[in-house]
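To start, the structure under review is shown below, and the notes come after it.
Chain A is the first sequence line, chain B the second, and so forth, proteins listed ahead of strands; every chain is numbered from 1.
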2 protein chains.
Amino acid sequence: MELSRRLSSRGYRRTRQRDAVFDVLAENAGRPMKAEEVLVLAKEKAPGIGIATVYRALELFVELGVAQQVHLHERSQHYEVDTGHHHHYMVCVSCGSREQLDACTMDKLEDVIKDETDFLVTSHCLGLWGYCSSCLPGKA
Amino acid sequence: MELSRRLSSRGYRRTRQRDAVFDVLAENAGRPMKAEEVLVLAKEKAPGIGIATVYRALELFVELGVAQQVHLHERSQHYEVDTGHHHHYMVCVSCGSREQLDACTMDKLEDVIKDETDFLVTSHCLGLWGYCSSCLPGKA
DNA sequence: TAAGATATTGATAATGATTCTCAACAAGGG
DNA sequence: CCCTTGTTGAGAATCATTATCAATATCTTA
């Protein structure tokens, strides 16, 4: 498996727990998950796994580039597998639903920044809030 | 004062503590501040003020539209007075310095979303990370 | 395959930020 | 000046996340 190679090539070990966490993320691709959610599902694959291990695995996966942190500006961070295609989310302030936004104009913006400033952009995060189609009518 | 009117028109009262918190933000316009930082400076103006009151004032100011929350994706939230001109930050991953980014292409992006989806965007947040000019050479 | 060096884990304590609780207090209209 | 009601401060409570540390699991080497 790809994960296995990435781990060993950096001196990390493949464990039952890491496999479990990764599989949970993979089975929920495209859905940002909290550590606590991952824990519940990972327990089915690796009984006894603790929350600390989940946090450690998530952090490691981000470092390895197989997962990414999604900032939804909630109390807790969210994580999802890195499928390679960059996207952002539109969050409904009414019902909390999230829609993926595939169009990414960041590349354009980064070019402008490259031309006009001395700052080298290596990553970015875009969040959009508003009302989804279901909540629009009432806007309650 | 403007703040005074905004408060009373909504049934809120003007207090020594709220004035202190607002003044601190105003004196640090353009610099996102943590609640704890605000507390230290506000104590000079309103001795005895507690952290809970600072949080309450900040939350209220955002609601009134005189301050805005700045998501820097750090452990704690940051706040700054709403000067009316929209901007974002470029954060140096090396030294942590922050530069304001005045160019905002979000309006353009929001138009695209309006045309292509059923989502009504009411607010957004853009964060950029990378290396500032001072850290670029070494990139350490 | 057994052994050993060391990476990893789980339980739990600790931390940091933020919110809640509630009795004492203060603002401002009448 | 009084009274109603919004506010405050102190500290407890909560939530997410990180640190600690002894027990355990991995993987490499002999």
Side-chain angles (χ1 to χ4, degrees), chain A residues 1 3-24 32-64 66-79 96, chain B residues 1 3-24 32-64 67 69-79 96:
Chain A
M1 183 200 285
L3 176 63
S4 184
R5 218 171 310 146
R6 298 220 192 195
L7 286 171
S8 59
S9 71
R10 305 270 301 260
Y12 296 115
R13 291 175 182 173
R14 182 180 181 183
T15 67
R16 198 166 46 91
Q17 292 87 341
R18 285 176 180 166
D19 274 359
V21 170
F22 183 80
D23 288 348
V24 167
M33 305 182 78
K34 303 183 198 185
E36 205 63 46
E37 294 178 275
V38 173
L39 175 65
V40 172
L41 297 174
K43 273 183 175 164
E44 295 172 6
K45 300 165 190 291
I49 186 174
I51 188 67
T53 297
V54 170
Y55 274 109
R56 285 185 285 233
L58 292 173
E59 182 186 19
L60 178 60
F61 292 166
V62 170
E63 183 195 327
L64 294 178
V66 297
Q68 58 188 127
Q69 214 174 19
V70 181
H71 297 275
L72 294 173
H73 301 167
E74 291 181 15
R75 223 26 164 325
S76 54
Q77 296 293 341
H78 289 66
Y79 296 85
Chain B
M1 184 199 286
L3 177 62
S4 183
R5 217 172 309 147
R6 297 221 193 194
L7 286 169
S8 59
S9 71
R10 304 269 302 261
Y12 297 116
R13 292 175 183 171
R14 179 179 183 185
T15 67
R16 197 166 46 93
Q17 292 87 341
R18 286 175 179 165
D19 274 358
V21 170
F22 183 81
D23 288 348
V24 167
M33 304 182 80
K34 303 184 196 183
E36 206 62 47
E37 296 179 275
V38 173
L39 175 66
V40 171
L41 296 175
K43 273 182 174 164
E44 296 172 7
K45 300 164 188 294
I49 186 174
I51 188 66
T53 297
V54 169
Y55 275 108
R56 284 185 286 234
L58 291 173
E59 181 186 21
L60 178 59
F61 292 166
V62 169
E63 183 195 328
L64 294 178
Q69 214 173 18
V70 180
H71 299 275
L72 294 174
H73 301 165
E74 290 181 18
R75 232 8 173 333
S76 54
Q77 297 293 343
H78 289 67
Y79 297 84

Nearest heavy-atom neighbours spanning B:Lys34 and B:Ser76: CD-OG, 3.2 Å
- request: Please confirm whether B:His71 and B:His78 have ring centers closer than 6.0 angstrom.
  value: no
- prompt: What do you reckon, is NZ of A:Lys45 surrounded by more than 12 foreign heavy atoms closer than 6.0 Å?
  reply: yes
- request: Starting at NE2 of A:His73, measure out to NE2 of B:His73 and round the result to the nearest 0.5 Å.
  value: 2.5 Å
Option from B:Arg18, B:Arg6, B:Gln69 for which side chain to side chain contact (heavy atoms under 4.5 Å, CB included) with B:Phe61 holds: B:Arg18
Residue whose closest nucleotide on DNA chain C lies nearer the 5' end, B:Ser76 versus B:Tyr12: B:Ser76
statement: the helix from C:dT1-D:dA30 to C:dG30-D:dC1: angle between terminal helix axes, five bp per end, to the nearest 10 degrees, reads 30°
- prompt: Between B:Glu44 and B:Leu41, is a side chain to side chain contact (heavy atoms under 4.5 Å, CB included) present by the stated rule, with each step listed?
  reply: CA-CA 6 Å; B:Glu44 296 172 7; B:Leu41 296 175; 4.2 Å; yes
- line: Bounded by its outermost nucleotides with an atom under 4.0 Å from a heavy atom of chain A, the footprint on DNA chain D reads D:dA16 to D:dC27
- prompt: How close do A:Ala20 and A:Ala42 get, heavy atom to heavy atom, and via which atoms?
  reply: CB-O, 4.0 Å
- request: Could you identify which residues of residues 54-63 of chain B place a heavy atom less than 4.0 Å from some atom of DNA chain C, listed by residue number, or say none?
  value: B:Tyr55, B:Arg56
query: If you round to the nearest 0.5 Å, how far is CZ of B:Arg16 from CG of B:Asp19?
result: 10.0 Å
message: Categorize B:Glu36 for me: base, sugar-phosphate, or nothing, with a 4.0 angstrom heavy-atom threshold over every strand shown.
response: nothing
field: Whichever of A:Ser8 and B:Gly50 has its nearest DNA chain D nucleotide further upstream toward 5'
entry: B:Gly50
message: So B:Arg75, base contact, sugar-phosphate only, or nothing? Heavy-atom distance under 4.0 Å.
response: sugar-phosphate
task: Could you list where the contact with chain B starts and ends along DNA chain C, reading 5' to 3', using a 4.0 Å heavy-atom cut-off?
output: C:dA17 to C:dG28
- request: Mind checking B:Ile49 for me? I need base, sugar-phosphate or nothing, with any heavy atom below 4.0 Å counting as a touch.
  value: sugar-phosphate
- request: Would you sort out whether B:Leu60 and B:Leu7 count as a side chain to side chain contact (heavy atoms under 4.5 Å, CB included), showing the intermediate values?
  value: CA-CA 9 Å; B:Leu60 178 59; B:Leu7 286 169; 3.8 Å; yes
Residue list, salt bridge (charged side-chain N to carboxylate O under 4.0 Å, His left out) with A:Glu63, at least two apart or on another chain: A:Arg10
- line: d(B:Arg5 CZ, B:Leu64 CG) to nearest 0.5 Å is 13.0 Å
message: Run A:Phe22 and A:Val66 through side chain to side chain contact (heavy atoms under 4.5 Å, CB included) and show every step you take.
response: CA-CA 9 Å; A:Phe22 183 80; A:Val66 297; 4.1 Å; yes
task: On DNA chain C, check which nucleotide each of B:Gln77 and B:Thr15 is closest to and give me the residue with the more 5' one.
output: B:Gln77
List the atom pairs, with distances to 0.1 Å, where a side-chain N or O of residues 49-59 of chain B and a protein N or O form a donor-acceptor pair under 3.5 Å, not counting sequence neighbours.
{"from": "B:Thr53", "atom 1": "OG1", "to": "B:Arg56", "atom 2": "NH2", "distance (Å)": "3.4"}

